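Structure first, then comments.
Every chain is numbered from 1 and lettered A, B, ... according to where its sequence line falls, protein lines coming before strand lines. Note that this is a predicted model, so its numbers are computed, not measured. Worth knowing before you read on, the calculation uses all heavy atoms, side chains too, and leaves out hydrogens, waters and symmetry mates.
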Amino acid sequence: MLGMKKGMSNKEVADLLEMVAAAFEIKDEDFFRVRAYKNAAASIEHLSSQLKDVWDADKLEEIPGVGPSLAQHLDELIRTGRVKHFEQEVKGLPLGMFELMKLEGVGAKTAYKLASEFDLKDEKTAIDKLRKQVLAGKIKKLQGFGEKTEDELLKAIGSVQSGSDRLLLPEVEAIAEEVVEYLRSSGLCEKIEVLGSFRRRVATVGDIDLAVMTDKPTELMEYLLKFKGIKKVLSTGSKTTMFIHSSGRQVDVKTQSKDRWGSMLQHYTGSKLHNIHLRKLALEKKMSLSEHGIKKGGKLFKYAGENEFYEALGLKYIPPELREDSGEIEASIKGRLPDLVELKDIKGDLHMHTNIEIETSHDMGASSVSELLNMAESLGYEYIGLSDHNPKMKGLSEVARIKVVKKRNEAIDKEIASSESSVKIFKGMEVDIRPDGRLAVSDEVLGLLDYAVVSIHASFRQSKEEATERVLRAFDHPRVKIFGHPTGRMLNKREGLDYDWERVFEECRRKRIAVEINSSPERLDLPDMLVRQAVKTGVLLVINTDAHEASSMKGMRYGVGVARRGWAEASNIINTWPYKRVEKWIES
DNA sequence: GCCGTTTTCGGCCCGACTGTTTTCAGTCG
Ligand SMILES: Nc1nc2c(ncn2[C@H]2C[C@H](O)[C@@H](COP(=O)(O)OP(=O)(O)OP(=O)(O)O)O2)c(=O)[nH]1
Ligand SMILES: [Mg+2]
Ligand SMILES: [Mg+2]
Ligand SMILES: [Zn+2]
């Protein structure tokens, strides 16, 4: 009933702690004890490893926000699947309240009042039953509730669940562009930036956070409220307006003056945990931080630039992609921040698909070799690698497959001969790793190529052990140089595979196989946290677009964002290398 | 309940907006 079971994910444990925190809140338990539980929940949710593994290593108390008491409870949870003390705290509460807390504007206290009043004991029916009470006009009769709260509740019930998925980066760009264009048309904005998780280049984004530099905040917000793209205003004031966009997505707009812009950029980029860590650090130095600046002895100091803001705290500027409270503040203090890879360091793209017909196993590309070359030229690249899918297995004999691959090589050679481009081409192929780890083409076919990208496109239900054996077998073939979109995840759709990453990375390092960071916004695979682990291991990485048409090659920036979130420097990324060095690596 | 290159006690990130409040609690970012 409390969602306690063996093998809980970090998120599930975090939810459980949030539940206990809510129980404390209702009982007017000490505010800071409630906060301690919430802090621990956030900390566990953002852990870069499985809680179970931390427990195995006997390091629960090393998790920030977890002390002796919580460590003991978590130990009990992991060993037995339940925590007596937690059950005690939650016992007697109407369980429907935890469902009601998912409603906009409903927190622990409100949820408890409603669930108690209407006897909502069942999580599954709680919201439905509440709707009936609202429609019957029962809410406004309750102590502390009024007409408006009743209206708001009904709206909140109506919009629950609608669009629970998080946004992909191009979706954010599209919505942000529309709102930004409208705001600009006011003539009141000196500058507009998309901040929050988008600026940190998180793989998926919860809402669109916009900051506007203006000296007329009230007029600007009045103007914003007339925007046709607003479905529903959540709240509005001169400093903050939050609304639901016609796409169903939440947009938060904040205003700030030019002289305080730096502190706004810092605050509103987050992450929340980064901000809180920074603010605690400041308190030790008798400073108080906010989006308005730094208070020292009651006096407010203003910062127009973000750089100066960090420097005022004795820190080196921290790139947004690192701001997750995962060691970046400590690194900044010590002056040990990485020199992150940048888009301009990229000299080529080694995973893309052409329109050459070779009866591929998956989608072929839409662009010709010369179109791809032109795009590469305009992006300033030195080289590209063509990696069409392998010829399909069914209905083609080995002899026929060899023939079709030779024909493709000839077609590419012809394109090279007739091209005036200085961009060099590697002849590659994206080869399926079959469920048992065999490749979809023979070693003889591989021998016809400069390199192979090996990747998984089916059978995603394997255990960690099976999946690990599967890919390790795949690496054991000639010309295998890149492990493409390693987990196979599809954001919001499919989890992807989990491996014994230590073994996989070690094998890639030994064989000098580059692990791909696939830039396709629905993949962003290798995920950022694993990039960080790969960087620590010293594995080669490559950032590719997997373009199926020339214009998609412009998506390299998404992959660079992932690499940066993984603390990668240019030296970790092989396609920052010049052509000659890549050629040598491919031939090795 | 957590935490400590000034503390093992006494603090805990900080601010914006809303509704029903007779002075501020609740919720959210
Ligand atoms: N100091 C502080 N800042 C916060 C807090 N909550 C949010 N912020 C700041 C940092 C966040 O990155 C920024 C935007 O808030 P969001 O809730 O939109 O979070 P964010 O964009 O990081 O993630 P998201 O993808 O939207 O879930 O506001 C908070 O409790 N304290
Ligand atoms: Mg956000
Ligand atoms: Mg937001
Ligand atoms: Zn591909």
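Applying the 90° cutoff around 0 to the glycosidic angle, dT22(B) is assigned anti.
Residue contacts shown for Ala108(A) are limited to sugar-phosphate atoms, with no base heavy atom under 4.0 Å away. As judged by a 4.0 angstrom heavy-atom cut-off over every strand, His277(A) is placed among residues making no nucleic acid contact. Within 4.0 Å (heavy atoms only), Leu281(A) reaches no atom of the nucleic acid at all. Using a 4.0 Å heavy-atom criterion, one finds that Gln250(A) contacts the sugar-phosphate atoms exclusively. If you check every strand for non-hydrogen atoms under 4.0 Å, Gly144(A) touches sugar and phosphate atoms only. Within the 4.0 angstrom heavy-atom criterion, base atoms lie near Ile276(A). Residue-level contact check: Val34(A) touches neither bases nor backbone, having no heavy atom under 4.0 Å from any strand. Residue Asp30(A) is classed as a base contact, given a heavy-atom separation below 4.0 Å to a base. Counting any heavy atom pair closer than 4.0 Å across all strands shown, Leu278(A) reaches no nucleic acid atom. Contacts of Asp252(A) with the nucleic acid, taken as non-hydrogen atoms under 4.0 Å apart, involve only primed sugar atoms and P, OP1 or OP2. Glu152(A) comes within contact range of no nucleotide atom at all, as no heavy-atom separation falls under 4.0 Å. Here Leu283(A) lies in heavy-atom contact (under 4.0 Å) with sugar-phosphate atoms only. Residue Lys285(A) is out of contact with every strand shown, counting any heavy-atom pair closer than 4.0 Å.
Residue whose closest nucleotide on DNA chain B sits further toward the 5' end, between Thr236(A) and Gly65(A): Gly65(A).
In terms of phosphate contacts, Lys295(A) brings a side-chain nitrogen or oxygen within less than 4.0 Å of OP1 or OP2 of dG15(B). Residue Thr110(A) places at least one side-chain N or O under 4.0 Å from the OP1 or OP2 atom of dT27(B). Remark: Gln72(A) is not in phosphate contact with dG1(B), judged by side-chain N or O atoms under 4.0 Å from OP1 or OP2. In this model, the phosphate group of dC14(B) is not approached by any side-chain N or O of His292(A) to a distance below 4.0 Å at OP1 or OP2. Contact annotation: Ser288(A) side-chain N/O to dC14(B) OP1/OP2 distance is under 4.0 Å. Between dC28(B) and Ser235(A), no contact under 4.0 Å exists linking OP1 or OP2 to a side-chain N or O.
Following rounding to the nearest Å, Ile333(A) (CD1) and dT5(B) (C1') show an atom-to-atom distance of 11 Å. Whole-Å rounding puts the Glu284(A) CD to dG4(B) P distance at 9 Å. The CZ atom of Phe31(A) sits 12 Å away from the C1' atom of dT27(B) (whole-angstrom rounding).
Nearest heavy atoms, His245(A) versus Val251(A): CB-CG2, 3.9 Å. When all heavy atoms of Met264(A) and Ala211(A) are compared, the closest pair comes out as CG-CB, 4.1 Å. Of all heavy-atom pairs spanning Ser238(A) and Thr255(A), the tightest one is O-OG1, 2.7 Å.
With His292(A) as the partner, the side chain to side chain donor-acceptor pair (under 3.5 Å) test is satisfied by one option alone out of Arg260(A), Lys302(A), His267(A): Arg260(A).
The CD atom of Glu25(A) sits 9.0 Å away from atom CD of Glu18(A), with the distance rounded to the nearest 0.5 Å. In this structure, Glu328(A) CD and His277(A) NE2 are separated by 8.0 Å, a value rounded to the nearest 0.5 Å.
Between dT21(B) and dA16(B), the distance separating the two P atoms is 25 Å to the nearest Å. Taking the P atoms as reference points, dG1(B) lies 28 Å from dT6(B), given to the whole Å. As rounded to the nearest Å, dT20(B) and dG15(B) have P atoms that lie 26 Å from one another. One C1' atom belongs to dC9(B), the other to dC14(B), and the distance between them is 24 Å to the nearest Å.
The pairing partner recorded for dA25(B) is dT18(B), the criterion being a Watson-Crick or G-U wobble arrangement whose two distances lie under 3.5 angstrom.
In the displayed structure, Lys554(A) atom NZ is contacted under 6.0 Å by at most 12 heavy atoms of other residues, nucleotides or ligands.
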